[in-house]
Amino acid sequence: MEKKVRVRFAPSPTGGLHLGGVRTALFNYLFAKKHNGTFILRVEDTDQTRFVAGAEEYIASCLAWCGIHPDESPELGGEFGPYRQSERKPGYRKYAEQLIADGYAYYAFDTPEELDAKRKEIPNFLYGQASRMGMRNSLTLSEAEVAALLAQNMPHVVRIKMPEDENVSFVDMIRGHVSFDTNLVDDKVLLKADGMPTYHLAVVADDRAMQISHIFRGEEWLPSAPIHILLWRYLGWGDEMPKWAHLPLILKPDGNGKLSKRDGDRLGFPVYAQSWTDPKTGDTTKGFRELGFMPEAFVNLLAMLGWNDGTDKEIFTLPELIESFSIERVSKAGAKFDFEKAKWYNHEWIKLTAAENLLAVVKEEYAAEGMVLNDDNYTLKVIDLIKDRCNLLTDFVTQSKYFFTAPAEYDLPAVKGKWSPEKATFFTAYLNGLEDNQSAPELEEKFKSLAAEHNLKPGELMLPFRIMLVGGKFGPGVFDIAFALGVAETKKRISSALAAFE
RNA sequence: GGCCCGUUCGUCUACCGGUUAGGACGCCAGAUUUUCAUUCUGGAAAUAGGGGUUCGAUUCCCCUACGGGCUACCA
């Protein structure tokens, strides 16, 4: 009988949620849903010095926007709570002490200053195998000395005692067989002087407590995998160990290296899912959401960064991703982030989405510009007319503003030089001949026949007409615009433009 | 430096021993659009190098090169 699938996304609430983090959450979520399992959000807030107000709520909000809904979380609770590590503090010390009692860990009294000095003195200092007997810890001090130091509340940490000459290996679901020489892994701190566990202890203790079956995390965790594996064994849970998978990293588009927020700032694209305002500096970093990405597109493009279903299919809904996801098809190599392709995904999604489903967000975009759109039927028509030309949701306003408000200024250079009294006469005649309820083809027909009567080429008149209605050289078919605007508004725009073109 | 992981068009990737090495983004050209975008058609563009294994390697193994990650009382 297979173990029930339970996976978790365990971010540290220290700031904006990076797209790599969202992808890790997404792959966890997809795997869970694919296998009728449980997706858990656990907050790893063991570093009190890095606590950032609001970060936890922000992370939950980013995931919700993406449609990644946890089954258990700090907000929701669940039978394995609490889901915030700071609230699980009392439990960790017990494990640390159990490890010491069993000879798998030890107390260390070295001060941060002593360690710094050591690192300066010895270039490749590694607190472990070779050096631990030269440090101040319960391995070198007598039992009485240790007891005395403990009794007087001397600050100390607990370190894992890496075994000698062992090889720790495991099968990574993505990478296959991976192995480490324990002589080269250091005695990582398990419990900090403030009594909080480090990631290493907390992650193992909580994954066990929450009955996590599979661990999907970024490749940056690969080097600490042997510590975690040993901890599972040392704590006596070796046969309950989850399966591991280390996801490839998302790299910066130029050069190499992990994608960071700074790269986004430098290259001009978002890195965070949603805008994040640093509570200390007040600086806001824009996110994909605020830049006009649809959550469906964001999730889609993230899924395709390091995964594919083996076919040429590139556009996936979340349910489709769940259906076709498999961890075996995740690639091993890191992927450079390509913002151009990201925009393409968004464009595809905008084209794919019905106007009715775009209505609310378009109205929001306008509201942000201080404009209230209250004729939904009209707005829907406008959306259908322009959505194919929008890469980002924020493009809707620039692409359609003239449907809601007459152009404030005209691209005069576009008509200038070619403008003539004859053309003005033509437009006056066209304006006077406009009748209610004429369809776009009828408007066009009328326009062309009238042009012929005036001995003018329609081609020379359409651009000026466009400038009259739109203000610039863009937008859908000019008669479609005129039809959508309605006869009264079209007339108004022609006459105001005629005055401006003089 | 040490350890670990990786390496197919510029980018994301497919082909899990036998293909003219396929698709997508971007780019270029043409068509459509009497604007711009969309759309359509076509094009240039890749198996890092060297050894093995094999009848046959992009595919399996080794070495080299290159890239990345980790190397905190951060996660």
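When reading the values below, keep in mind they use all heavy atoms of this one structure, side chains included, and skip hydrogens, waters and symmetry mates. By convention in this document, chain letters (A, B, ...) are assigned in the order of the sequence lines, proteins followed by strands, and residues within each chain are numbered from 1.
- Comparing B:U19 with B:G10, their C1' atoms are spaced 24 Å from each other, to the whole Å.
- For A:Asn308, whose side chain is taken as the heavy atoms from C-beta onward, the closest listed nucleotide among B:C73, B:A14, B:C25 is B:A14.
- Side chain of A:Trp344, nearest nucleotide from B:G26, B:A75, B:C15: B:G26.
- Counting only heavy atoms from C-beta on, A:Arg329 has its side chain closest to B:C15 among B:U34, B:U35, B:C15.
- Comparing A:Trp221 and A:Gln399 along RNA chain B, the residue whose closest nucleotide (by nearest heavy atom) sits nearer the 5' end is A:Gln399.
- Nearest to the side-chain atoms of A:Asp388 among the listed nucleotides B:U38, B:C73, B:A75 stands B:U38.
- For B:A21 and B:U47, the P atoms lie 12 Å apart once the distance is rounded to whole Å.
- The NZ atom of A:Lys161 lies 12.0 Å from the CD1 atom of A:Ile100; values are rounded to the nearest 0.5 Å.
- At the phosphate of B:U13, OP1 or OP2 sits under 4.0 Å from a side-chain N or O atom of A:Ser331.
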Inset, instruction - Quick one, give me the B/S/- string for nucleotides 4-10 of chain B, reading 5' to 3', where B means a protein heavy atom under 4.0 Å from the base and S means that only happens at the primed atoms, P, OP1 or OP2. - result: SBSS---
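- For the residue pair A:Phe474 and A:Gln399, the shortest heavy atom distance occurs at CD1-OE1, 3.9 Å.
- For the P atoms, the distance linking B:A46 with B:C9 amounts to 9 Å, nearest Å.
- Nearest nucleotide to the A:Met462 side chain, out of B:U35, B:G23, B:U34: B:U34.
- The separation of B:U8 from B:C66, taken at their C1' atoms, amounts to 15 Å, rounded to a whole angstrom.
- Base pairing analysis places B:G10 opposite B:C25; the two distances defining the Watson-Crick or G-U wobble pair are each below 3.5 Å.
- In this structure, A:Gly306 reaches the sugar-phosphate backbone alone: every heavy-atom distance under 4.0 Å involves primed, P, OP1 or OP2 atoms, never a base.
- The listed nucleotides are B:C12, B:U35, B:U34; the one nearest the side chain of A:Leu305 is B:C12.
- A:Lys343 NZ to A:Glu348 CD: the interatomic distance, rounded to the nearest 0.5 Å, is 14.5 Å.
- Taking atom P in both B:A37 and B:U11, one finds a spacing of 27 Å when rounded to whole Å.
- Checked against a 6.0 Å centroid threshold, the rings of A:Phe316 and A:Phe325 do not count as neighbours.
- The base of B:A24 sits within donor-acceptor range of the side chain of A:Lys341, with an N or O pair under 3.5 Å.
- Closest of all the heavy-atom pairs between A:Phe337 and A:Ala342 is CZ-CB, 4.0 Å.
- Nucleotides B:G30 and B:G50 place their P atoms 40 Å apart, quoted to the nearest Å.
- For the P atoms, the distance linking B:G68 with B:C62 amounts to 23 Å, nearest Å.
- One finds no side-chain N or O of A:Lys188 lying less than 4.0 angstrom from the OP1 or OP2 phosphate oxygen of B:C70.
- When the side-chain nitrogen and oxygen atoms of A:Arg159 are compared with OP1 and OP2 of B:C73, one or more of them lie within a distance under 4.0 Å.
- Residue A:Lys351 is classed as a sugar-phosphate contact, given heavy-atom separations below 4.0 Å to backbone atoms only.
- Here the nucleotide nearest the side chain of A:Ala335, chosen from B:U35, B:U13, B:C15, is B:U13.
- Considering only side-chain atoms of A:Leu249, the nucleotide from B:G68, B:U39, B:U34 that sits closest is B:G68.
- Applying the 4.0 Å criterion to OP1 and OP2 of B:A75, one finds that A:Thr198 has every side-chain N and O outside that range.
- Looking at which nucleotide of RNA chain B each of A:Pro253 and A:Ala342 is closest to, the 5′-most match is held by A:Pro253.
- Comparing B:U34, B:C73, B:C70 by their nearest atom to the side chain of A:Val157 picks out B:C73.
- The same atom, P, is picked in B:G18 and in B:C5; the two are 27 Å apart, to the nearest Å.
- Ranking B:C73, B:C70, B:G1 by closeness to the A:Glu220 side chain, first place goes to B:C70.
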